[in-house]
Chemist: 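For reference, the structure I am asking about is given below.
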Amino acid sequence: MTEYLAVDGGTIAYEVAGSGPLIVLAHGMGDSRAAYRAVIPPLVAAGYRVAAVDLRGCGESSVDWPAWSRTAIAGDLLAVVRHLGGPAVLVGHSISGGAATIAAAREPSLITAVVELGPFTRKQSIRLGDLRVKRLRQGMLRLLGATMFGSVPLWRSYLDVAYPGVKPADWTERLGRIDALLREPGRMKALKGMGTGAPADAGAPADAGAQLGNVRCPVLIVMGTLDPDWADPHAEGSAIVDALPAGLGSLKMIEGAGHYPHDQFPDEVVSLTLTFLGSDAARA
């Protein structure tokens, strides 16, 4: 059942299932909390209270917001954690991975651990040699076109590249839902705002990459080996871990996954998450 939280600038939609320690799930741009539909039941079965959030401008959240940066998203996520009686584990995908970093750095007493899935956390740059990687060229062109022109067909074309190989069993319905949401008034504005602001955070006061050194909780980075957003996903994940304080970060790769490992391989993502949360570092 959808619940709503009024925050500065608008209303955030979310749903909660289960009981136990709190886990908050945050999706990527152009999506909704439905991205975690296969992840929520096993986390609940494992004994967690799971809150899946629609980012500002997405899903059932309101559409008129003054900013789309990772810093702004981090503020929304912290508001949800406070409202639900944290502390919490934050799971963030793509732009929300960077937002989770900022949230953990800003409010260490509220965030006990962070899981980042294909995260845009560091400031991005593309070297000329990277363009030799076909999947990067294909994904980048479609992503740029979708965010520059507000094109739903180009966004769907990007998703075809971002989900290499294995597709969810409900793929047709999933695409239909994404398509319908993005055609609602104001939803494409959110995608464009996040897409053009995500890499450098569009002048936000605290870029996610700059906050990595201020994180005080354990962090798990999960990357797909075929993620089209990076020429070398392993190198990107390793760079995030290296920028964290020593001993806090770990990297896991999912073979054959693209930019949506939690949707392509939900059982593996859940297993990695539960193992991480059961580790000595996360329990501490």
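If you're wondering where the values come from, they're calculated on a predicted model, not measured in any experiment.
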Chemist: Kindly work out whether a path of hydrophobic side-chain contacts (I/L/V/M/F/W/Y, heavy atoms less than 4.5 Å apart) joins Leu77 to Trp65.
Modeler: yes
Chemist: Between Val89 and Leu277, is any pair of side-chain heavy atoms under 4.5 Å apart?
Modeler: yes
Chemist: Does anything in residues 140-179 form a ring-ring contact (aromatic ring centres under 6.0 Å, His included)? List the pairs, not counting sequence neighbours.
Modeler: Trp155-Tyr158, Tyr163-Trp171, Tyr163-Tyr260
Chemist: Just to verify, what does Asp242 make a side-chain contact (heavy atoms from CB on, under 4.5 Å) with, not counting sequence neighbours?
Modeler: none
Chemist: Answer with yes or no whether the hydrophobic clustering places Val63 together with Ile12; edges join I, L, V, M, F, W, Y residues whose side-chain heavy atoms lie under 4.5 Å apart.
Modeler: no
Chemist: For Met140, give me all partners under side-chain contact (heavy atoms from CB on, under 4.5 Å), at least two apart in sequence or on another chain.
Modeler: Ile126, Leu131, Leu144
Chemist: Does a side-chain heavy-atom distance below 4.5 Å link His259 with Pro228?
Modeler: yes
Chemist: Kindly compute the distance separating OG (Ser151) from CG (Leu191), expressed to the nearest 0.5 Å.
Modeler: 10.0 Å
Chemist: Apply salt bridge (Lys or Arg N to Asp or Glu O under 4.0 Å) to Arg216 and list each qualifying residue two or more places apart in sequence or on a separate chain.
Modeler: none
Chemist: Would you mind reporting whether Leu274 and Leu43 have side-chain heavy atoms less than 4.5 Å apart?
Modeler: yes
Chemist: Is the number of heavy atoms from other residues, nucleotides or ligands within 6.0 Å of CZ (Arg49) greater than 12?
Modeler: yes
Chemist: Please enumerate all residues that pass salt bridge (Lys or Arg N to Asp or Glu O under 4.0 Å) together with Asp229, with sequence neighbours excluded.
Modeler: none
Chemist: Does the side chain of Leu117 reach to within under 4.5 Å of the side chain of Val91, using non-hydrogen atoms?
Modeler: yes
Chemist: Does the distance from a Lys or Arg side-chain N to an Asp or Glu carboxylate O, for Arg174 and Asp31, drop under 4.0 Å?
Modeler: yes
Chemist: Which of these, Pro233, Ser238, Ser250, Pro119, sits in a side-chain contact (heavy atoms from CB on, under 4.5 Å) with Ile221?
Modeler: Pro119
Chemist: Hey, any chance Met29 and Leu175 share a hydrophobic cluster, counting ILVMFWY side chains that come within less than 4.5 Å of each other, even indirectly?
Modeler: yes
Chemist: Below 4.5 Å, heavy atoms only, C-beta onward: do Arg70 and Phe120 meet side chain to side chain?
Modeler: yes
Chemist: Once you round to the nearest 0.5 Å, how far does CD1 of Ile95 lie from CE of Met194?
Modeler: 5.5 Å
Chemist: Side chains of Lys192 and Trp68: does their closest heavy-atom pair fall under 4.5 Å?
Modeler: no
Chemist: How close do Ala104 and Val114 get, heavy atom to heavy atom, and via which atoms?
Modeler: CB-CG2, 3.8 Å
Chemist: Who are the salt bridge (Lys or Arg N to Asp or Glu O under 4.0 Å) partners of Arg33, not counting sequence neighbours?
Modeler: Glu15, Asp54, Glu60
Chemist: Whether the side chain of Arg56 engages the backbone of Ser62 through a donor-acceptor N/O pair (distance < 3.5 Å, no angle test) should be reported.
Modeler: no
Chemist: Tell me, please, which residues at least two apart from Thr225 pass side-chain contact (heavy atoms from CB on, under 4.5 Å).
Modeler: Met253, Glu255
Chemist: List in chain and number order the residues that pass side chain to side chain donor-acceptor pair (under 3.5 Å) with Ser96, two or more places apart in sequence or in another chain; answer none if no residue qualifies.
Modeler: none
Chemist: Assess whether a salt bridge exists between Asp160 and Arg156, defined as any Lys/Arg side-chain N lying under 4.0 Å from an Asp/Glu carboxylate O.
Modeler: no
Chemist: Using atom types as modelled and distance alone, determine if a side-chain donor or acceptor of Ser157 lies under 3.5 Å from a backbone N or O of Pro153.
Modeler: no
Chemist: With ring-ring contact (aromatic ring centres under 6.0 Å, His included) as the rule and sequence neighbours excluded, what pairs involving residues 1-59 come up?
Modeler: Tyr36-His262
Chemist: Please list, chain by chain and in numerical order, all residues satisfying side chain to side chain donor-acceptor pair (under 3.5 Å) with Ser61, sequence neighbours excluded.
Modeler: none
Chemist: Partners of Leu244 by side-chain contact (heavy atoms from CB on, under 4.5 Å), sequence neighbours excluded?
Modeler: Leu212, Val215, Val219
Chemist: For the residue pair Gln264 and Pro164, establish whether any side-chain heavy-atom pair is separated by less than 4.5 Å.
Modeler: yes
Chemist: Pairs in or reaching into residues 161-173: which pass salt bridge (charged side-chain N to carboxylate O under 4.0 Å, His left out), with residues at least two apart or in two chains?
Modeler: Arg37-Asp170
